[in-house]
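Notes for the one structure printed next.
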Amino acid sequence: MTSDNRIGPPRFGSERDMLRAFLDYHRATLAMKCEGLTDEQLRQQSMSPSTLSLLGLVRHMAEVERAWFRRAFQDKDAPMVWSDKIDFQAAYDASASTRDDAFGAWEAEVDNSRRIEREAESLDQAGYQPRWGEEVSMRMVMVHVLLEYGRHNGHADFLREGVDGSVGA
């Protein structure tokens, strides 16, 4: 990995500012874990039987962003990014993927998620999560997606170490 240019979350601030900053920090962490690697290295899988790769994680997080922001607050019928059906596992198969297509999709979803969150009047704004068939608050979605990034960034540490021997930040 190159240098750490992430902006850390503030020590004080409103709940919304904190959630927004922590999400952006974890988004930047995933990008940082992938810095300086070739498409081939990004597609390198951990160990059998797992098919997990860094590029697969980026693709998966594009699906997570779409499912929790776009589908819950903008378009409940929005299709998955990498699958014709609701199959979050399909994103993990990055065998034919490139950095450009995976990061392009992920960055587009992150930009859309940020816009949806900024336009929400409050963290109590309700959206509808079609997978659950229930309403969810913007607060719940932000916390859920933050936890997804935290979990998957731990996987990214392991995957990056397997590619180049570096230790995660």
Side-chain angles (χ1 to χ4, degrees), residues 1-9 18-73 78-83 85-114 116-117 127 129 131-132 136 138-169:
M1 285 180 285
T2 58
S3 60
D4 184 350
N5 296 321
R6 296 172 296 170
I7 297 171
M18 288 289 208
L19 288 171
R20 185 182 290 155
F22 269 98
L23 259 174
D24 282 341
Y25 181 80
H26 277 280
R27 288 167 173 149
T29 298
L30 181 58
M32 183 182 77
K33 306 272 181 210
C34 297
E35 279 181 6
L37 299 177
T38 66
D39 285 359
E40 182 180 336
Q41 289 171 315
L42 288 168
R43 286 189 297 266
Q44 185 174 320
Q45 297 175 354
S46 59
M47 65 179 68
S48 188
S50 175
T51 59
L52 193 59
S53 68
L54 285 165
L55 213 51
L57 284 178
V58 172
R59 288 167 47 105
H60 175 71
M61 292 312 297
E63 294 289 19
V64 168
E65 294 273 359
R66 178 173 283 205
W68 287 99
F69 286 96
R70 185 184 301 258
R71 289 179 54 116
F73 293 97
M80 300 287 286
V81 180
W82 309 108
S83 172
K85 56 185 181 173
I86 304 300
D87 179 5
F88 283 86
Q89 300 305 308
Y92 287 127
D93 180 7
S95 57
S97 190
T98 65
R99 171 190 292 275
D100 288 345
D101 64 73
F103 273 85
W106 176 63
E107 289 165 354
E109 290 304 323
V110 167
D111 288 345
N112 194 54
S113 296
R114 286 179 177 138
I116 289 168
E117 182 272 319
Q129 178 42 263
R131 247 179 111 193
W132 291 359
V136 293
M138 178 61 70
R139 176 183 293 102
M140 183 269 160
V141 167
M142 291 180 79
V143 169
H144 179 81
V145 174
L146 176 59
L147 292 172
E148 285 274 338
Y149 274 103
R151 180 168 60 108
H152 292 304
N153 280 337
H155 297 144
D157 280 337
F158 171 75
L159 290 164
R160 180 67 192 230
E161 188 175 331
V163 170
D164 68 5
S166 70
V167 177

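Computation of the quantities below employed the complete heavy-atom set of this structure, encompassing side-chain atoms and omitting hydrogens, waters and symmetry-equivalent molecules.
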Taking atom [atom1] of [X] and atom [atom2] of [Y], what is their separation to the nearest 0.5 Å?
| X | Y | atom1 | atom2 | result |
| --- | --- | --- | --- | --- |
| Leu57 | Leu42 | CG | CG | 10.5 Å |
| Leu52 | Asp93 | CG | CG | 12.0 Å |
| Gln129 | Arg71 | CD | CZ | 7.0 Å |
| Phe73 | Ile116 | CZ | CD1 | 8.5 Å |
| Asp39 | Asp100 | CG | CG | 7.0 Å |
| Met32 | Asn5 | CE | CG | 9.0 Å |

Subject >> Stepwise side-chain contact (heavy atoms from CB on, under 4.5 Å) test for Asp24 and Ile7 >> reply: CA-CA 8 Å; Asp24 282 341; Ile7 297 171; over 6 Å; no

Subject >> Shortest non-hydrogen contact between Ala102 and Val58, atoms and distance >> reply: O-CG1, 3.8 Å

Original post:
Looking only at heavy atoms, which two atoms of Ala62 and Glu109 are closest? And how far apart?
Top reply: O-CG, 3.6 Å

Subject >> Pairwise side-chain contact, His152 with Leu30, heavy-atom cut-off 4.5 Å (strictly under) >> reply: no

Original post:
Does the side chain of Met61 come within less than 4.5 Å of Val110's, by heavy atoms?
Top reply: no

Subject >> No-hydrogen, no-angle side-chain donor-acceptor test under 3.5 Å, Glu65 and Tyr149 >> reply: yes

**OP:** Examine Trp132 together with Trp68 and report whether their ring centres are nearer than 6.0 Å.
**Re:** yes

**OP:** Report the C-alpha distance between Arg66 and Met80 in whole Å, list the side-chain angles of each, state the deciding distance to 0.1 Å, and finish with yes or no for side-chain contact (heavy atoms from CB on, under 4.5 Å).
**Re:** CA-CA 8 Å; Arg66 178 173 283 205; Met80 300 287 286; 5.8 Å; no

Subject >> side chain to side chain contact (heavy atoms under 4.5 Å, CB included) partner of Trp106, the single match among Arg59, Glu63, Arg27 >> reply: Arg27

**OP:** For the pair Arg43 (side chain) and Leu55 (backbone), establish whether a donor and an acceptor sit closer than 3.5 Å, ignoring hydrogens and angles.
**Re:** no

Original post:
Run the side-chain contact (heavy atoms from CB on, under 4.5 Å) check on Asn153 and Tyr25 step by step: do they pass?
Top reply: CA-CA 11 Å; Asn153 280 337; Tyr25 181 80; over 6 Å; no

